Amino acid sequence: MIGHIHSVESMGLVDGPGVRAVVFLQGCPLRCLYCHNPDTWTGGGTEFTPEALTAKLLRFRPYFSRGGGVTFSGGEPLLQPEFLAEMLSRLHAAGVHTCLDTAGAGLGDYGAILQNTDLVLYDVKHHRREGYRQITGQDMDRTLAFVEAVRTAGVPMWVRHVVVPGLTDGEDHLAGLGDYISTLPNVEKVELLPYHTMGVHKYGQLGIPYPLEGVPPMDKTKLEDWERRLNERCCRKTDK
């Protein structure tokens, strides 16, 4: 069994609780207007066996032993389901907290993946079908099916949403987002992520036009009130 890995970050601080190793898997079916990792869209990457990647990740254990762990991101990690399930199983057996950073755009049959996932970071692209298609170029069916799998598995969820000026920053949009998040299972936290342009240079390197050319970065301070309101409204109470 071989996994195709874009990169591994040893000390991630924004990819789940604590200090985490973050594995970026290659491949994604979405073409989000604001994607900052277009170099993960197609195949390629570095090949790893589960044994080799597990050994590499466990070397980072001292950094994430206090509340941290390993997060699988991408790209869309669900596009490599067998490899992902094997990695999650191995890390769980080693006592490592596991997190899945995903838009839910996978291939279905998520039981083996979710049974060894401690936390889902769920990237909500849009709460309406037409908006979802506008942003990603795809329909919502796959992500909705993933949500139901998470509901069945009972895995805790942190919801993330990228706020883009003129696209997903309106009052009506964010109110509708709150309505949608309220229907999601086991939500413990909502994070509004300000749109940034740090990945724009990759489009030039790949010879791909950047869809949001000229759109300015989002000011994080403008999102603080909405983020607080969404957390108060949508999150279940925990002891954490």
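Bear in mind that the values here come from a model prediction, so they are computed numbers and not experimental data.
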>> Taking atom CG as the centre, does D172 end up with more than 12 heavy-atom neighbours from other residues, nucleotides or ligands that are less than 6.0 angstrom away?
In response: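 Atom CG in D172 is not crowded, with 12 or fewer foreign heavy atoms closer than 6.0 Å.
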
>> Has T54 got a side-chain atom pairing as donor or acceptor with E51's backbone, closer than 3.5 angstrom?
In response: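 Answer holds: no.
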
>> Quick check against the 3.5 Å criterion: does N231 have a side-chain atom that pairs as donor or acceptor with the backbone of K189?
In response: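 No: the side chain of N231 does not pair with the backbone of K189.
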
> Just how far is it from atom CZ of R151 to atom CG of N186, taken to the nearest 0.5 Å?
Replying inline: 8.5 Å

>> Tell me whether L25 shares a hydrophobic cluster with L57, the cluster being built from Ile, Leu, Val, Met, Phe, Trp, Tyr side chains joined at under 4.5 Å.
In response: yes

> So, R129 side chain and H126 main chain: donor-acceptor pair closer than 3.5 Å or not?
Replying inline: no

>> Working to the nearest 0.5 angstrom, can you tell me the gap between H127 NE2 and L184 CG?
In response: 12.0 Å

> Just how far is it from atom CD of E213 to atom CG of L33, taken to the nearest 0.5 Å?
Replying inline: 13.0 Å

>> Keeping Y63 on the side-chain end and R61 on the backbone end, is there a donor-acceptor pair under 3.5 Å?
In response: no

> Just by distance, do the side chain of S182 and the backbone of G178 share a donor-acceptor pair under 3.5 Å?
Replying inline: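 At least one qualifying donor-acceptor pair exists.
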
> Without hydrogens or angle criteria, can the side chains of D39 and H6 be said to hold a donor-acceptor pair below 3.5 Å?
Replying inline: yes

> Does the side chain of V162 reach to within under 4.5 Å of the side chain of T168, using non-hydrogen atoms?
Replying inline: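 A side-chain contact is absent here, since even the closest heavy-atom pair is not under 4.5 Å.
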
> When clusters are formed by joining ILVMFWY residues with side-chain heavy atoms under 4.5 Å apart, either directly or through shared neighbours, do V159 and L114 land in the same one?
Replying inline: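 Yes: a chain of side-chain contacts under 4.5 Å links V159 to L114.
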
Atom pairs and distances, donor-acceptor, side-chain atoms in residues 203-211, under 3.5 Å, two or more places apart:
residue, atom, partner, partner atom, Å
Y203, OH, C35, O, 2.6
Y210, OH, Y195, OH, 2.7

>> Between K220 and L192 (side chain of the first, backbone of the second, donor and acceptor by atom type, cut-off under 3.5 Å), is there such a pair?
In response: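 Yes, because the side chain of K220 sits within donor-acceptor range (under 3.5 Å) of the backbone of L192.
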
> Looking only at atom types and distance, does a side-chain atom of D118 sit under 3.5 Å from a main-chain N or O of C99, one as donor and one as acceptor?
Replying inline: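 No, because the side chain of D118 does not come within donor-acceptor range (under 3.5 Å) of the backbone of C99.
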
When the side chains of residues 70-84 are checked against the rest of the protein, which donor-acceptor pairs come out under 3.5 Å, sequence neighbours left out?
residue, atom, partner, partner atom, Å
T71, OG1, D15, O, 2.6
T71, OG1, R20, NE, 2.6
S73, OG, D101, OD2, 3.2
E76, OE1, T102, OG1, 3.1
E76, OE1, A103, N, 3.0
E76, OE1, G104, N, 3.4
E76, OE1, A105, N, 3.4
E76, OE2, L78, N, 3.1
E76, OE2, T102, OG1, 2.7
Q80, OE1, H4, N, 2.9
Q80, NE2, H4, O, 2.9
Q80, NE2, Q26, O, 3.0

> Any side-chain heavy-atom pair from V8 and L53 closer than 4.5 angstrom?
Replying inline: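 A side-chain contact exists here, since the closest heavy-atom pair is under 4.5 Å.
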
> Does any N or O in the side chain of K202 come within less than 3.5 Å of the main-chain N or O of H36, such that one atom is a donor and the other an acceptor?
Replying inline: yes

> So, D169 side chain and G166 main chain: donor-acceptor pair closer than 3.5 Å or not?
Replying inline: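 Here the side-chain-to-backbone pair exists.
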
> Once you round to the nearest 0.5 Å, how far does CZ of R133 lie from NZ of K125?
Replying inline: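 Reported to 0.5 Å precision, the distance equals 15.0 Å.
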
> How many angstroms lie between NE2 in H92 and CG in L88, if you round to the nearest 0.5 Å?
Replying inline: 8.0 Å

